[in-house]
Amino acid sequence: MKLAAAEAISSVIDPADLNENYIIPDAFDTRVVERIRKAVAKAALNSGVARKILVPSIS
């Protein structure tokens with residue numbers, strides 16, 4: 001789940017915008033929370049850690 005969260009964070013930055021000064025998104029970037037939520041929930045379901053599906057749709 002930590003790896004899923006890290007990959008979700010890195011997916012926020014477009015490869016064209018990536019440079020040595022911009023490798024992680026801004027702390028206030030609203031896209032980060034939603035991507036992490038979905039990625040971690042999906043990883044928990046796939047690994048069998050989640051006992052209940054609380055999120056109506058994870059894509």
Side-chain angles (χ1 to χ4, degrees):
M1 287 183 280
K2 290 179 184 180
L3 184 57
E7 289 173 351
I9 292 169
S10 70
S11 74
V12 172
I13 299 175
D14 188 78
D17 296 331
L18 194 61
N19 62 55
E20 66 269 359
N21 295 318
Y22 187 55
I23 58 171
I24 58 172
D26 186 69
F28 299 107
D29 190 330
T30 57
R31 300 172 295 169
V32 174
V33 173
E34 186 64 21
R35 289 194 188 183
I36 292 174
R37 180 190 67 80
K38 285 183 179 180
V40 170
K42 189 173 183 178
L45 288 170
N46 291 342
S47 68
V49 174
R51 292 189 235 167
K52 294 182 181 179
I53 299 176
L54 300 177
V55 182
S57 113
I58 300 171
S59 50

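Excluded from the calculations below are hydrogen atoms, water molecules and symmetry mates; all remaining heavy atoms, backbone and side chain alike, are included. Bear in mind the structure is a predicted one, so any value in this text is a computation, not a measurement.
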- Do other residues, nucleotides or ligands put more than 12 heavy atoms under 6.0 Å from I24 CD1? no
- Message: Are P25 and R31 packed together at the side-chain level, in the sense that at least one heavy-atom pair is separated by less than 4.5 angstrom?
- Response: no
- Closest non-hydrogen contact found for A8 with R35 is CB-O, 3.5 Å
Say whether [X] and [Y] are linked into one hydrophobic cluster, either directly or through other cluster members, by side-chain heavy-atom distances under 4.5 angstrom.
X   : Y   : value
V32 : V40 : yes
V49 : I36 : yes
I9  : V12 : yes

- At what distance, to the nearest 0.5 angstrom, does OH of Y22 lie from CG of D17? 6.5 Å
